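For reference, the structure is listed below as structure tokens.
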Amino acid sequence: MLNLGNFRAATCSGISRRAFVQLGASVPAVLGVAGLPSTVEAALKGRARSVIFVWLWGAPSHLDTFDPKPDAPSDVRGPFAAIETRTPGLRFTELLPRLASCSDLYSVIRSHVTFAPGHPDAGTWGLTGFAENPAPAHPNFGSIVARHRGSRGSLPPFVMVGRGIPRDVVRIVEGWGGGRLGGSVDPFMISCSAEGHAEIPSLKLLDDLTPTRLADRRQLLDTLDVAQRKLDGTAAALGDADWSQNFRRAYGLLTQPAARDAFDLSRESESTREQYGFTGFGQSCLLARRLVETGVPYVQVNWSEYVEAMTPNCDFGWDTHIYNFELLQDRHCPIFDRAMSTLLADLKQRGLLDSTLVVAMGEFGRTPKISNRAARDHWPNCYSSLWAGAGVAGGRVIGASDAQARAPVTNPITPVMVGATIAEFAGMDTQARAEMNVLPGGTVIHELV
Amino acid sequence: MSWFNSLWRAGWTILSGITITVQAPAAAEIQLTHDGVVKTDPVFVDRTGQELVYVVNDIPTRMRLMKLRLSDQTISPVHPDETRAEFEPCYSNDGRLAAFVQSRGNLSLALVVQETSGMKESSAVLGSGFAGLRAPSFSPDGTRVVYSFPESGRQMIWSCNIEVNDRRMLIDSVGTNNWPSWSPDGKRLLFASSRDDDFEIYTANADGTQPQRLTQSPKQDIRPRWSPDGKRIAFTSNRDGNYEIYVIEADGSQPRRITNHAERDDYAVWHPDGKRLVVVSERRGKHDLYLIDMP
């Protein structure tokens, strides 16, 4: 089902609502360069045709997931047992049994460090490789790939699946979008409900016209668009060129069947949908696979719902300052384990894993020593990630943490290294990055391949 | 159903070398909800067994208390106008009082005790900063509430009166202590604890003294619930590799696996007749309530 704006639009299920398109003020710019130059195609051989970046916003506890320390003192190790994975010698906690059973599909890095202790600033580090200041922020890794690769057909080159821009109670993550590269490579925002209804919040539909009728009434739409622009300060701020691009992108998504279908999870079999789990995150991962299947170069899936309903109206994700162990056991890890393992298996089964780089990580780890509230707080000094596909070696552990997962004992992996590695997989070598003036100083994590 | 075998099936499960778990025979079941949305914490409102309340994520950022009438499976919100997250409800034996956890801000949880008539309500946020209680449960006489609350690096079991005053710590140990409840006769306290590494089931005297470990599993035994007669305990365990519902006698003997399903079964609560359980079962990626006969 594809929902456009606040309304359910015409889909294969036969639902047809009278509606009219209005491009909202919050539309992120999504256009890149149309088409894909053959030189870039050549450079991509053997690398990632697409990237799925699973953003575990809120910061998962590395000790309770990918880096258990069963021999640590009780006020560090927590209550969860370490289990064997499919890879000899590699152990996770018992909260990730499905991922443990398919560890041959991916590598785990256990030696990440970052340079900020709070969510928004560490979020910018994690998504861009740099601090949020000075403004404007460095571009999101996805924006860099989007600028380099451009879009194919009517679909945007960088799609962000989640409930808006990642944020905490106070403010957004400054590095969410194009930053210094400009709004034209901001992600196209889409959300996905637990039932698998994809929603494009930037498209507001008036109760007059279905998407299938839009083509016949474009002239009217243009007229109304002009009126909208006059009313909308944000649109004016974007400038005529960006506004026109935004409109064409949104219009294209509505009127071109291939683009519409990419967002329509009802085209998937019930069996496939249930394997991902009927949760917002599960269905978002399925949507990411569909987008990759249609050639979208970069999809960022934000873990951003049902995760911390303890905080009113806020997506705190994995920020388990209280009840870390209960929340991980009851909600986060079962949802993540199911969806992530299914995503990897699904990509592999469809022959997409060889051409799709999958990365899953948060903005930092959590305190090794159990906190005053018997949970875990922020810990930027050590954390873990998962890497799969596009030639990434399976069943490999890269880096190591100390006996209590407080710090790496091997060379630390920094955020800019993550960005440089993603860019390299996506076909951007050092020179290409230098020419775009992005990710300076970033070195590739060669141990992945 | 496929997740129950039709015959007793030996389920030799080595539990620290001393406990044998057997698989219970097939049991009938009724699916109570059908929306598939993530749900938790079912609890019967009173001893008639006609209504139960559970928690559903009705929107991504809110957990809501829903009331289900078993006779016709009618579902309605307990607090239709409430915008804050509410979860982990419990009811006094006579159904006169309800208690639950309510979100009051950024990682700040309050204990709310209210008359179901709506005439009176008491509440308090327990602790400052990121803090909150979990898993409240009434004493058999309805005069006190027992709950879990973290402090000083440990998560203890506390109790308070129904005005949410007179707080007393009952259980303290290293690790996490959670899901407390008094036995139907009020003489014993049931809870799970990670004091011995992973979560196990324990009982203690009503005042928290003399804790006694009931389970010996290498994995997680959580969310214990007394049967209405106090002779058995249902709980969730992943001892066999997947979260299933188990039942033991009150002394920890005779463990039986009640459910056997490829996905998660959790949040068991006894029907007041003592012959059935309501569980949240994840099947084909969807979460619904099922009423199952005790084999």
Side-chain angles (χ1 to χ4, degrees), chain A residues 70 73-75 77-81 83 94-95 97 163 168-170 191 193-195 270-271 273-280 282-283 304-316 319-326 329-331 334-335 338-339 342 369-375 377, chain B residues 35-38 40 57 59-63 83-85 87 101 103-109 127 129-132 134-135 148-156 174-179 193-195 197-199 218-220 222-223 238 241-243 263-264 266-267 282-287:
Chain A
S74 62
D75 60 351
R77 69 174 179 264
F80 302 125
I83 60 171
E94 61 187 305
L95 302 184
R163 298 181 54 251
D168 69 358
V169 169
V170 179
S191 66
S193 72
E195 295 77 29
E270 187 71 5
S271 171
R273 296 178 66 197
E274 69 188 36
Q275 287 174 43
Y276 280 87
F278 287 97
T279 59
Q283 297 298 299
S304 65
E305 63 175 319
Y306 45 69
V307 275
E308 203 52 81
M310 288 182 182
T311 300
N313 302 314
C314 191
D315 297 335
F316 261 14
D319 195 25
T320 49
H321 287 285
I322 55 175
Y323 301 104
N324 170 76
F325 303 110
E326 292 92 334
Q329 181 165 248
D330 295 346
R331 302 166 71 83
I335 291 168
R338 181 181 189 126
T342 300
K369 183 173 171 56
I370 293 172
S371 69
N372 190 45
R373 292 297 183 202
D377 297 326
Chain B
D35 57 27
V37 177
V38 173
T40 60
N57 266 101
I59 59 174
T61 54
R62 183 176 62 188
M63 292 186 283
T83 59
R84 295 169 290 196
F87 52 99
V101 182
S103 174
R104 291 289 177 86
N106 183 14
L107 296 172
S108 178
L109 305 175
F130 297 151
R134 293 291 298 267
S148 176
F149 180 80
E151 196 170 74
S152 304
R154 304 183 301 280
Q155 192 165 309
M156 305 93 150
V174 296
T176 298
N177 298 283
N178 202 345
W179 308 289
S193 176
S194 66
R195 64 184 62 195
D197 286 348
D198 59 300
F199 281 108
K219 293 195 173 180
Q220 310 304 322
I222 59 175
R223 267 187 276 284
N238 66 339
N242 180 33
Y243 288 90
E263 297 166 84
R264 185 176 184 128
D266 202 347
Y267 300 98
E282 182 183 22
R283 303 188 187 182
R284 297 182 297 278
K286 297 180 177 180
H287 299 75

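Predicted model only: the values in this text are computed from it and were never measured. Lettering follows sequence order; numbering is per chain, from 1.
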Where is the tightest heavy-atom contact between I322(A) and F130(B), given as atom of each residue plus distance? CG2-O, 3.4 Å
Measure from NZ or CZ of R134(B) to the centre of the six-membered ring of Y323(A) and say whether it is under 6.0 Å with the direction within 45° of the ring axis. yes
I'd like to check Q329(A) versus D266(B) (side-chain heavy atoms, cut-off strictly below 4.5 Å). Are they in contact? no
Which portion of S152(B) sits near chain A, non-hydrogen atoms under 4.5 angstrom: both
Contact origin within R195(B) toward chain A - heavy atom pairs under 4.5 Å: neither
Could you tell me the separation between the CZ atom of R331(A) and the CE atom of M63(B), rounded to the nearest 0.5 Å? 5.0 Å
Measure distances from N178(B) to the heavy atoms of chain A and classify the residue's part below 4.5 Å as side chain, backbone, both or neither. side chain
Between CD of E326(A) and OG of S194(B), what distance do you get to the nearest 0.5 Å? 8.5 Å
Closest approach of F278(A) and R284(B), non-hydrogen atoms and distance? CE1-O, 3.5 Å
Closest-packed option against chain A by number of heavy-atom pairs under 4.5 Å, given H287(B), R264(B), R154(B): R264(B)
Measure distances from F149(B) to the heavy atoms of chain A and classify the residue's part below 4.5 Å as side chain, backbone, both or neither. both
Answer with side chain, backbone, both or neither: which region of F325(A) has an atom nearer than 4.5 Å to a non-hydrogen atom of chain B? side chain
State, to 0.1 Å, how close A81(A) and Q220(B) come at their nearest heavy-atom pair, and which atoms those are. N-NE2, 4.1 Å
P70(A) portion near chain B, given a 4.5 angstrom heavy-atom threshold: neither
For chain B, find which of I370(A), I83(A), D330(A) contributes the most heavy-atom pairs closer than 4.5 angstrom. D330(A)
Given V38(B), V37(B), I222(B), the one with more heavy-atom pairs under 4.5 angstrom with chain A than any other is I222(B)
Contact part of D35(B) toward chain A, heavy-atom cut-off under 4.5 Å: side chain, backbone, both or neither? neither
Counting C-beta onward and ignoring hydrogens, is there a side-chain heavy-atom pair between E282(B) and R338(A) closer than 4.5 Å? yes
Between the CG atom in N106(B) and the NE2 atom in H321(A), the distance rounded to the nearest 0.5 Å is 8.0 Å
Backbone N/O of P150(B) and side chain of R373(A): donor-acceptor pair under 3.5 Å: yes
Pairwise distance CG(N324(A)) to CD(Q155(B)) - rounded to 0.5 angstrom: 10.5 Å
